[in-house]
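Residue numbers start from 1 in every chain, and the chains themselves are labelled A, B, ... in the order their sequence lines are given, proteins ahead of strands.
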There are 2 protein chains.
Amino acid sequence: MAPHAHPTDPSDMPLGPRQRALLAVLRAANAELSGQELHERLRQSSQRHGLATVYRNLRLLQRSGLVRCRKLPNGESVYAPLERDDHHLTCVSCGHSEPLPICPVASGGLALTKVLLQGFKPLFHTFEIHGLCRSCQQSEPLAHG
Amino acid sequence: MAPHAHPTDPSDMPLGPRQRALLAVLRAANAELSGQELHERLRQSSQRHGLATVYRNLRLLQRSGLVRCRKLPNGESVYAPLERDDHHLTCVSCGHSEPLPICPVASGGLALTKVLLQGFKPLFHTFEIHGLCRSCQQSEPLAHG
DNA sequence: CGTATGCTGAGAATGGTTCTCGTTTTAGCA
DNA sequence: TGCTAAAACGAGAACCATTCTCAGCATACG
Ligand SMILES: [Mn+2]
Ligand SMILES: [Mn+2]
Ligand SMILES: [Zn+2]
Ligand SMILES: [Zn+2]
């Protein structure tokens, strides 16, 4: 086994300085950040990034297996470092989303006991696995579609 | 236990004819449908629905616990009847999304064996529970925010 | 230097979804 | 069956996060 244990072996794609900056902000943050929020935080500290660059590198970081993202009901995407493992209860009515301290993948058992739901009434769940499909692992495409 | 076993007891909100039509198309379909696709299918069969009406009733059906939705990486939302329980493997590179025949909630065990992944390389997963938060269960709001 | 290659970012374009608001339908009642 | 208030509808405009365009800039290398 290799000395490092990151997914998609990040060593094979060295990470530019902008990507390191993005990753640093994400890791420093205590919550998921949207593209716009990241852009904002980078305006203040360190050097300015263009919005296009933020999104571009966010996509690359995602492909490298360093960053994950989920889409909020209002349409915006929020990002977090992959090593942070959090899930949420999201209300289909008001869109409010609060932490859910359980992960069906980590815990072999998955106990969705009522205590954890704390009055939240689940209507449906989403369990998606994002990654690289077979063909994209072979070629190294940038095309989206 | 009540004679019917639907979530959020649909009997307390009778469902208008447009909502029944939407639900029928969703149940007849063999895959998730986007708002646009639903609008299209309703143009052909039965009566025409305006696009706004499609989205409006989709939201209501979701609140009633009859329909669920997930957001594709390209931004569009796809809908399915709640009783259909399917998940997907989605590629962060090309966006392609294929069925994943496993559900972490139903199966107590959750065996993400390599056989199921079939060469797909998972980078991260999403497990979200959507439903009604406490405050929204009390009041019956229509506001979105 | 000279050139090839890739990254950057201001601004324009995109496109799914939501909003607006006048019209149409429904519901309740006499 | 008429009559009115409330609710649902829908064409088109507005929204807005994200992506695209493309000229300018950085870096590598002989
Ligand atoms: Mn997890
Ligand atoms: Mn399931
Ligand atoms: Zn709520
Ligand atoms: Zn792919």
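Listed nucleotides: C:dT17, D:dG10, C:dT8. Nearest to the side chain of B:Arg18: D:dG10.
One interatomic measurement links the two molecules: OH of B:Tyr79 to P of C:dG16, which rounds to 12 Å at whole-angstrom precision. Regarding B:Arg43, its CZ atom lies at a distance of 17 Å from the P atom of D:dC9, rounded to whole Å. In this structure, CG of B:Leu72 is placed 16 Å from C1' of D:dA17, rounded to the nearest angstrom. Rounded to whole Å, atom C1' of C:dT8 lies 14 Å from atom CG of A:Leu42. Taking atom CD on A:Gln47 and atom P on C:dC7, their separation rounds to 16 Å, with Å as the unit. Taking atom CG of residue A:Asn74 and atom C1' of nucleotide D:dC16, one finds them 10 Å apart after rounding to whole Å. Rounding to whole angstrom units, CD of residue A:Glu76 and P of C:dT17 are separated by 16 Å. Across the protein-nucleic acid pair, A:His39 atom NE2 and D:dT18 atom P stand 13 Å apart, rounded to whole Å.
Taking only side-chain nitrogens and oxygens, B:Ser77 comes nearer than 4.0 Å to OP1 or OP2 of C:dT17. Not one side-chain nitrogen or oxygen of B:Arg59 sits closer than 4.0 Å to the OP1 or OP2 atom of C:dT17.
Remark: of the listed residues A:Glu37, A:Arg41, A:His49, A:Arg41 is the sole one forming a side chain to side chain contact (heavy atoms under 4.5 Å, CB included) with A:Val25.
The pair B:Asp85-B:Arg68 fails the salt-bridge criterion, with no side-chain N (NZ, NE, NH1 or NH2) lying under 4.0 Å from an Asp/Glu carboxylate O.
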>> I'd like to know whether B:Leu42 forms a side chain to side chain contact (heavy atoms under 4.5 Å, CB included) with B:Gln47, so could you lay out the CA-CA distance, the side-chain angles of the two residues, the decisive distance to 0.1 Å, and finally the verdict.
In response: CA-CA 7 Å; B:Leu42 285 168; B:Gln47 86 253 248; 5.9 Å; no

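For DNA chain C, the residues of residues 48-57 of chain A within the heavy-atom distance limit of 4.0 Å (strictly under) are A:Arg48, A:His49, A:Gly50, A:Ala52, A:Thr53, A:Arg56, A:Asn57, sorted by number.
Separating the CG atom in B:Leu89 from the CG atom in B:Leu100 is a distance of 4.5 Å, to the nearest 0.5 Å. The line from CD of B:Glu83 to CG of B:Leu66 is 8.0 Å long, rounded to the nearest 0.5 Å.
The shortest heavy-atom contact between A:Arg84 and A:Asn30 is NH1-C, 4.1 Å. Nearest heavy-atom pair across A:Gln36 and A:Leu51 is OE1-CD2, 4.1 Å.
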